[in-house]
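Labels below follow one simple rule: chain letters A, B, ... track the order of the sequence lines, proteins then strands, and each chain is numbered from 1.
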Amino acid sequence: MQREEKQLDAALEALLQRINDLKTSIRTLLFRLENEYASLSWPSFLDSYAVISGQMNTLLKVMKNDKTPLLRNLIVLPLVLSPDPDEELKQATEGRVVAFSHDITPDMLRTKPDPDVEQRQNQFEQRASQVPPETAQKQINALNKVVNHVLEQITHSREDWENEATVRAAAAQTCVTADTHTLIAAVGLGKNLKTLPIAAPAQPGPGRAQAGPAPGKTTSTIKTTIKAASQVHPYNR
Amino acid sequence: MASNQNPISAIDMLTSALRSNIIPNQEYLLQGSVIDSSAEVLHNRLRGLCDAAETGPETFHDHEMCFSLKASSPGGTPQQQQSFLLRVRRALDHPEYPWQLRYLGQPELGEKNQPTVLRSCIDIACTPNVVEFLSELGCRIEFEYVLKGYLFRKGRMKVTMSKIFRMGQAKSPDSLEAMTGSYLVELSLLAPSGQDAVADEIKVFAEQLRPLVHLEKIDYRRLQSYS
């Protein structure tokens, strides 16, 4: 019994928190609507709606939570109704409810929807029950088809747009990093640039040839040193 | 591309210049490359951004040779010999221009907030017999290549778009093969040491060339270790 009470308390706390958050965001939205209606743009309005929808989601999740006792099985019963102002109640509700009296109780504790909402709902239910089941099924199928079609269209367009973005990025590639490295290594270190045969044959061959910048060239330098010995200075100046 | 140093009033001017730290002997550098198909676009963009848009950019067709000189330390084993590179550059399209002898020090990349590569650089104009002179000194030619491209200037900055060609087998200027399908783009500025504010100038300019070409600090000594 105690455990259930504790669970109930915890659940009520969580619900209260969520509802307060929801209340704040609705309030900010209304404020923005009233004061900033000139500068408000549809996307930012939609963002506020998204916030509210998110909060409603979390609220429902809390209610569906396993730890929450079945609220359906519990009822709120007013024990004492008095028309006198109640200070604690005033503080708890931020001044909105002054007294727990007979006229506000039906509004506060109601479980049925508003009368006009209730009427509209009854109308819909009547219309729905009048439709024979086969036509109802056909209508459901048609609706499903249309919605799937629209969904397909949207996914195709999204894929096209994404492809376009990637193609444009790929086509716009104007530099190749490998080339950059090759060029800079060539200019800086002489990588892959063939060395000419050594001009002065008097220099010791193999020892100096080791100091060539790229290891790939050492073999060719060693071979060409032998040839170079008989050659004149390569630059005919 | 030769620097305009007057060789006649050498010693006194040199000494005073060295003392007052006005010799531009530091090069602030950023490098990148652009593929041939987009080179035209980059060329136009540089024409728009740089000075002298009406006369058009200068083209150059140079032949660069790199000589290495081994400085042997007395009493040291042959492995301890340090070598440094000297570059000789001549303009193939203007044979009457002086040749350029250039020393480039080791590039320093610095930390992340240093926007450019910094290396010491000394440029000297010389006559064509510099090759003979260097060989007599004991320099050995390491490698050579031909560059063909465009030179743009903006203030003190120099941007070059060059295509690097390997010297062909026949050693004649006609037998050239391009090394890659890209142009090497270099953005450099020569300044006396200590003027690091120019590096920010370079960085700002480099930003304007994106996304066509990404000019960045590339350590070519590390490139040597790859393959």
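Counting non-hydrogen atoms of other residues, nucleotides and ligands closer than 6.0 Å to CD of Glu96(B) gives a total above 12. Taking a 6.0 Å sphere around CD of Glu88(A), one finds it holds 12 or fewer heavy atoms contributed by other residues, nucleotides or ligands. Heavy-atom neighbours of Glu4(A) CD from other residues, nucleotides or ligands within 6.0 Å: at or below the threshold of 12. Counting heavy atoms of neighbouring residues, nucleotides and ligands inside a 6.0 Å radius, atom CZ of Arg120(A) does not exceed 12 of them. Counted within 6.0 Å of NZ on Lys148(B), heavy atoms from surrounding residues, nucleotides or ligands total 12 or fewer; the atom is thus considered open. For Lys217(B), the NZ atom counts as densely surrounded, since its 6.0 Å shell holds more than 12 non-hydrogen atoms of other residues, nucleotides or ligands.
Annotation: the span from Ile184(A) atom CD1 to Glu186(B) atom CD amounts to 7.0 Å, rounded to 0.5 Å. Atoms NE2 and OG1, on His214(B) and Thr180(A) in that order, are 9.5 Å from each other to the nearest 0.5 Å.
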Result block: side-chain N/O donor-acceptor pairs under 3.5 angstrom for residues 11-34 of chain A, not counting sequence neighbours:
residue: Thr24(A); atom: OG1; partner: Asn20(A); partner atom: O; Å: 2.6
residue: Thr24(A); atom: OG1; partner: Asp21(A); partner atom: O; Å: 3.4
residue: Ser25(A); atom: OG; partner: Asp21(A); partner atom: O; Å: 3.2
residue: Ser25(A); atom: OG; partner: Leu22(A); partner atom: O; Å: 3.0
residue: Ser25(A); atom: OG; partner: Gln55(A); partner atom: OE1; Å: 2.4
residue: Thr28(A); atom: OG1; partner: Thr24(A); partner atom: O; Å: 2.9
residue: Thr28(A); atom: OG1; partner: Ser25(A); partner atom: O; Å: 2.7
residue: Arg32(A); atom: NH1; partner: Ser48(A); partner atom: OG; Å: 3.3
residue: Arg32(A); atom: NH2; partner: Ser44(A); partner atom: OG; Å: 3.4

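Contacts between residues 35-43 of chain B and chain A, defined by a heavy-atom separation under 4.5 Å, are made by Ile35(B), Ser38(B).
Closest non-hydrogen pair, Ser182(B) versus Leu183(A), comes out as O-CD1, 3.8 Å. Taking each heavy atom of Leu85(B) and Gly188(A) in turn, the nearest pair found is CD1-O, 3.9 Å.
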Using the rule given for side-chain contact (heavy atoms from CB on, under 4.5 Å), can you reason through Arg87(B) versus Val187(A), listing the C-alpha separation, both sets of side-chain angles and the distance that settles it, and then say yes or no? CA-CA 10 Å; Arg87(B) 292 165 187 263; Val187(A) 174; 4.2 Å; yes

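Neither the backbone nor the side chain of Leu147(B) comes within less than 4.5 Å of any heavy atom of chain A.
Screening residues 38-69 of chain A for ring pair (Phe, Tyr, Trp, His ring centres under 6.0 Å) gives Trp42(A)-Phe45(A), Phe45(A)-Tyr49(A) as the qualifying pairs, with residues at least two apart or on separate chains. Sorted by first and then second residue, the side chain to side chain donor-acceptor pair (under 3.5 Å) pairs with a member in residues 136-153 of chain A form an empty list; sequence neighbours excluded.
Taking chain A as the reference chain and counting heavy-atom pairs below 4.5 Å, the highest number among Val213(B), Ile164(B), Val34(B), Leu212(B) is found for Leu212(B).
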